[in-house]
J.: 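Sharing a structure with you now.
Chain naming here is simple, since letters A, B, ... match the order of the sequence lines and numbering starts at 1 in each.
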Amino acid sequence: MYQILLKENLVPNIHLFQIAAPNVAKKAQAGQFVVIRIDEKGERIPLTIADWNREEGSVTVVFMGVGTTTHRLARLKESDSIANFIGPLGKPTHIDNFGTVVCVAGGFAVATIYPIARALKEKGNRVISIMGARSKDLIFWEDKLRSASDQLIVTTDDGSYARKGLVTEPLKELLEAGGVDRVIAIGPSIMMKFSAKTTEPFGVKTIVSLNPIMVDGTGMCGCCRVSVGDATRFVCVDGPDFDGHQVDWDLLLARQRIYLDEEKLSFERWQSQRANSS
Amino acid sequence: MAKINLKREPMPRQDPKLRAKNFNEVALGYSAEQAKAEASRCIQCPKRSCVEGCPVDIDIPGFIKAIRDDNMPEAVRILKSKNSLPGICGRVCPQETQCEVSCALDKKGAPIAIGRLERYVADWERANMDSAGSSITHPKPTGKKVAVVGSGPAGLTAAADLAKLGHNVTLFEALHVAGGVLMYGIPEFRLPKKIVQAEVDYVASLGVEIVLDTVVGKTVSVDELLNDGYRALFLGPGAGAPMFLNIPGENLNGIYSANEFLTRVNLMKAYQFPEYDTPVKVGQRVGVVGGGNVAMDAARCALRLGAEEVYIVYRRSEVEMPARREEVENAKEEGIQFRLLTNPKQFIGNDQNWVAGMECYEMELGEPDASGRRRPIAIPGSEFILKVDVAIAALGTRPNPIIPSTTEGLETSRWGTIIADEVTGKTVKPAVWAGGDIVTGAATVISAMGAGKRAAADIDAHLRG
Ligand SMILES: Cc1cc2nc3c(=O)[nH]c(=O)nc-3n(C[C@H](O)[C@H](O)[C@H](O)COP(=O)(O)OP(=O)(O)OC[C@H]3O[C@@H](n4cnc5c(N)ncnc54)[C@H](O)[C@@H]3O)c2cc1C
Ligand SMILES: Cc1cc2nc3c(=O)[nH]c(=O)nc-3n(C[C@H](O)[C@H](O)[C@H](O)COP(=O)(O)OP(=O)(O)OC[C@H]3O[C@@H](n4cnc5c(N)ncnc54)[C@H](O)[C@@H]3O)c2cc1C
Ligand code: SF4
Ligand code: SF4
Ligand code: FES
């Protein structure tokens with residue numbers, strides 16, 4: 001069992017858990033993920049490692065409530081435990097001194113990009129970060145990401161805070177101004193797709209972190225397969241980072257929707273059980 | 001000499017119509033009377049040719065005699081002295097190509113049903129003896145730490161034997177459950193999970209510490225374990241990486257590897273969705289590509305989950321099918337349809353990116369190939385479309401590269417298997433042994449156990465030497 005040491009509700013529907021998992025904390029690197037399962041009947045789902053504390057033996061995850069597992073997770077309290085917490089999985093993000101790197105984060109992925117930006121900065125890169133949210137009340141870790149960046153640009157879709165618009169707009173301006181050596185874009189698939197489309201004409205290498213449906217997370221099922229540059233790759237072992245210009249986005253988006261009916265059924269069942277028990 | 005009895009006791013089984021709709025065990029097991037009758041057929045031949053057919057050297061005439069003599073605790077003792085997992089082997093060993101084919105009565109067409117008797121003894125033990133305490137003698141601790149990686153039959157056997165020899169054994173498993181393919185691959189109706197769990201508990205009761213959720217190579221590396229006081233390491237991570245056909249359309253929605261389909265169903269219990277939260281798509285018409293045990297298991301699971309038409313699509317003919325005869329018969333009885341000499345060319349999708357059909361060639365058999373089997377050749381112009389809404393690729397598995405790619409000093413073949421001594425399992429890396437599917441490629445439960453056993457003996461000799 002893995003205990004929740006700290007729980008924080010960052011913004012509506014996005015939660016941070018710090019979980020006791022000394023073995024995972026010992027090895028965690030930026031860009032890797034864990035697979036968790038709440039209990040015996042629960043599903044295995046992947047979550048990115050947002051931070052870690054090797055001395056304390058804890059790992060931080062940040063997640064958004066979207067369906068049964070993430071909503072059930074969100075209702076757990078500090079000192080509760082979850083059954084399984086496996087990792088660190090996947091390849092760490094390739095960190096090197098590239099020069100100037102633009103880190104683009106959409107939604108809860110601010111938490112995913114933070115350790116990457118920090119590692120890039122430690123390596124001597126000039127890090128420009130762009131974070132986007134739907135509206136002001138969904139902004140979190142702005143200060144944290146600023147501290148890991150040389151420059152930070154914030155956007156909101158509705159203009160309720162900072163710059164109005166999508167993350168791809170300032171990204172395009174930075175590319176036009178020149179001097180960008182690499183882009184790392186993480187967030188919802190559609191946002192990563194359009195970030196990659198934005199950088200493609202500029203020929204700037206763009207790394208994305210793919211988020212297909214997974215089961216084991218160790219390369220044994222093939223559920224997470226994607227097509228990258230016409231080759232089939234398993235995201236859990238070959239990724240999750242890939243060259244965004246090579247990804248078959250439509251395939252990824254289609255495969256993410258395989259279980260929509262079952263997910264809906266599961267969520268409604270859980271909600272009605274909750275209603276009955278309270 | 002008494003007259004030889006050539007009437008093999010049949011195995012009682014669930015009715016095909018009923019069992020095609022449930023996940024309960026198909027074979028129901030012998031009653032005490034049936035077991036005794038079958039055991040009494042054994043002529044206790046001095047040559048004991050049956051024993052040679054068993055990769056773990058079970059004293060077969062010995063345990064059979066004990067059944068006949070009503071001495072069940074003795075039967076248990078004899079079995080368990082060589083095989084920690086008799087409840088599993090009695091169910092899934094390909095006996096017809098191992099112990100039973102070597103039985104003196106096989107020539108007369110009625111070998112002793114050794115596997116069924118083995119299963120009977122194991123089931124008797126679970127029902128009648130406190131299995132944790134039954135056959136354990138506490139060895140003198142050696143104080144030496146040994147790590148075993150992977151809790152499939154190879155790892156479980158190595159861990160059990162090393163613990164019985166007094167070593168301090170830790171077993172690391174990547175998944176949240178121990179048992180390997182026995183848990184995530186072979187379905188409940190062929191191998192009930194409570195039996196696997198009982199065998200895993202037995203291994204734990206020997207003093208083996210089982211550490212789940214630990215992917216060696218990721219959570220901890222082989223060298224870190226060696227530096228952490230483990231004096232020897234046995235690698236038994238199996239060959240769990242699925243293969244696909246590499247034909248167009250293979251990533252469409254609704255196309256599974258058998259591993260994914262079976263893992264969802266068996267490990268995650270998708271057959272009890274939504275009570276268990278992991279879903280699986282079954283569809284109305286399911287095409288399973290392949291002809292081995294894995295294909296039969298996937299097809300029979302799909303049928304039980306409610307598919308209306310389930311096809312086995314296999315490119316050779318029935319005689320070349322690698323699946324166990326018994327399981328092919330079971331599958332047929334249940335209503336699985338065999339499309340033999342048929343091979344997919346591509347998958348066709350609908351506008352929702354879901355698989356809608358499998359375009360197939362009809363095949364014919366040419367000259368024998370390197371494997372000695374006649375090579376299947378596509379007949380030009382024979383293409384036709386098999387309508388399916390779910391397809392499962394059951395084409396075999398490769399070794400997972402996680403351990404080889406994160407461990408320096410291991411040698412691998414061009415198929416990705418770890419190279420190890422055939423007898424001892426010793427690899428070229430000091431203090432590291434390997435065995436089971438990771439060395440042989442996908443094989444059998446009992447051969448993996450045999451490898452675990454031999455490696456345990458060699459590790460013990462090494463630690464005492
Ligand atoms: C490598 C990786 C890292 C991720 N990191 C984070 C993170 O840090 N924070 C976060 O909030 N989310 C993250 N996700 C997404 C997260 O796994 C899904 O939101 C979660 O699985 C949804 O489960 P659910 O039961 O709550 O919702 P459901 O209702 O079951 O599903 C909602 C949607 O989530 C996706 N999904 C469902 N099941 C799975 C599954 N087993 N594996 C992956 N995706 C699934 C599907 O596209 C589905 O339509 C990550 C995904 C991947 C692959
Ligand atoms: C569906 C199916 C049906 C089968 N039917 C039969 C049958 O009827 N009869 C028969 O004899 N054989 C059958 N087989 C084959 C048989 O199951 C295998 O040959 C046997 O299980 C191999 O044993 P193993 O111990 O080498 O590996 P596995 O059983 O594969 O176990 C390996 C274990 O190691 C774990 N692991 C992998 N990598 C790591 C890592 N890096 N760190 C930690 N743990 C790791 C895995 O999660 C797994 O639990 C079948 C196989 C399948 C898939
Ligand atoms: S372990 Fe397998 S091969 Fe050996 S006697 Fe038992 S059934 Fe036969
Ligand atoms: S060969 Fe057959 S008959 Fe002879 S001892 Fe073995 S099981 Fe009995
Ligand atoms: S999640 Fe199973 S192979 Fe990647």
Side-chain angles (χ1 to χ4, degrees), chain A residues 2 21 23-24 26-27 32 34-45 67-69 72 83-91 215-227 231-232 234 237-238 248 250-259 261-263 265-270, chain B residues 173-177 181 184-185 211-221 224 237-244 246 250-264 267-270 272-281 349 352-354 393 397-402 405:
Chain A
Y2 303 81
N23 292 336
V24 182
K26 217 187 272 173
K27 298 294 280 288
Q32 291 185 296
V34 292
V35 164
I36 68 131
R37 194 178 66 135
I38 298 177
D39 55 23
E40 179 51 32
K41 294 182 178 172
E43 191 174 6
R44 289 170 69 106
I45 65 155
T68 310
T69 309
R72 282 185 59 209
N84 309 98
F85 193 85
I86 303 146
L89 301 172
K91 294 195 171 132
V215 184
D216 59 302
T218 66
M220 78 160 214
C221 75
C223 170
C224 63
R225 63 196 193 276
V226 291
S227 177
T232 293
F234 289 5
V237 285
D238 302 326
D248 180 342
D250 295 338
L251 180 74
L252 175 69
L253 288 161
R255 287 188 60 83
Q256 283 171 336
R257 298 168 56 85
I258 295 179
Y259 298 105
D261 297 342
E262 288 78 8
E263 283 152 4
L265 176 77
S266 160
F267 192 58
E268 285 168 359
R269 181 175 181 271
W270 176 71
Chain B
E173 168 56 48
L175 292 172
H176 59 261
V177 170
V181 170
Y184 78 73
V211 181
L212 303 172
D213 294 349
T214 304
V215 186
V216 171
K218 288 285 176 187
T219 317
V220 63
S221 73
E224 283 167 330
M243 294 203 273
F244 287 93
N246 295 318
E250 198 157 31
N251 295 336
L252 288 167
N253 287 357
I255 303 181
Y256 289 100
S257 74
N259 258 19
E260 180 186 352
F261 188 78
L262 291 169
T263 298
R264 285 182 178 272
L267 181 71
M268 305 310 296
K269 304 210 169 11
Q272 297 182 54
F273 180 85
E275 193 197 337
Y276 281 74
D277 197 29
T278 304
V280 70
K281 286 281 183 187
Q352 303 291 305
N353 211 55
W354 269 92
T397 49
R398 283 174 292 120
N400 189 312
I402 290 182
S405 69

J.: Should A/Lys26 and B/Glu224 count as an ion pair when the cut-off is N to O under 4.0 Å?
T.: no
J.: Look at the side chain of A/Arg225 and the backbone N and O of B/Glu250, then say whether any donor-acceptor pair between them is shorter than 3.5 Å.
T.: yes
J.: If the threshold is 4.0 Å, N to carboxylate O, is there a salt bridge linking B/Lys281 and A/Glu262?
T.: yes
J.: Counting heavy-atom pairs under 4.5 Å to chain B, which of A/Met220, A/Glu43, A/Arg37, A/Glu40 comes out on top?
T.: A/Met220
J.: To the nearest 0.5 Å, what is the distance between CG on B/Leu175 and CG on A/Asp216?
T.: 7.0 Å
J.: So for A/Asp248, is it side chain, backbone, both, or neither that comes closer than 4.5 Å to the heavy atoms of chain B?
T.: neither
J.: Atom SG in A/Cys224, atom CD in B/Glu260: separation rounded to 0.5 Å?
T.: 9.0 Å
J.: Counting only heavy atoms closer than 4.5 Å, note whether A/Phe85 contacts chain B via side chain, backbone, both or neither.
T.: backbone
J.: With only heavy atoms counted, which part of B/Phe261 is less than 4.5 Å from chain A, the side chain, the backbone, both or neither?
T.: neither
J.: Please report the interatomic distance CG(B/Leu212) to CD1(A/Ile86), rounded to the nearest 0.5 Å.
T.: 9.0 Å
J.: Name the region of B/Val280, side chain, backbone, both or neither, that has any atom closer than 4.5 Å to a heavy atom of chain A.
T.: backbone
J.: Would you compute the distance between atom OG1 of A/Thr69 and atom CG of B/Asp277 and round it to the nearest 0.5 angstrom?
T.: 4.5 Å
J.: Using 0.5 Å steps for rounding, measure from the CZ atom of A/Arg255 to the CG atom of B/Leu252.
T.: 9.0 Å
J.: What part of A/Leu265 gets within 4.5 angstrom of chain B, counting heavy atoms only: side chain, backbone, both, or neither?
T.: side chain
J.: With a 4.5 angstrom heavy-atom cut-off, is it the side chain or the backbone of A/Arg44 that approaches chain B, or both, or neither?
T.: both
J.: Is it the backbone or the side chain of B/Thr263 that comes under 4.5 Å from a heavy atom of chain A, or both, or neither?
T.: side chain
J.: Go through the side-chain N and O atoms of A/Thr218 and B/Asn400 and say whether any donor and acceptor fall under 3.5 Å apart.
T.: no
J.: Would you find more than 12 non-hydrogen atoms of other residues, nucleotides or ligands less than 6.0 Å from A/Arg257 atom CZ?
T.: no
J.: When you measure from the side chain of B/Asn253 to the backbone N and O of A/Ala254, does any donor-acceptor pair fall under 3.5 Å?
T.: yes
J.: Give the minimum heavy-atom separation between B/Pro242 and A/Gly219, together with the two atoms involved.
T.: CD-O, 3.7 Å
J.: Let me know if A/Ala21 has heavy atoms under 4.5 Å from chain B in its side chain, its backbone, both or neither.
T.: neither
J.: What part of B/Val215 gets within 4.5 angstrom of chain A, counting heavy atoms only: side chain, backbone, both, or neither?
T.: side chain
J.: How far apart are the closest heavy atoms of B/Arg264 and A/Cys223, and which atoms are they?
T.: NH2-SG, 3.5 Å
J.: Given heavy-atom pairs under 4.5 angstrom as the criterion, report whether the side chain, backbone, both or neither of B/Lys269 touches chain A.
T.: neither
J.: Set out, in order, the CA-CA distance, both residues' side-chain angles and the distance that settles side chain to side chain donor-acceptor pair (under 3.5 Å) for B/Thr219 and A/Asn23, then state yes or no.
T.: CA-CA 6 Å; B/Thr219 317; A/Asn23 292 336; over 6 Å; no
J.: Is B/Asn353 in contact with chain A via its backbone, its side chain, both, or neither, using a 4.5 Å heavy-atom distance?
T.: side chain
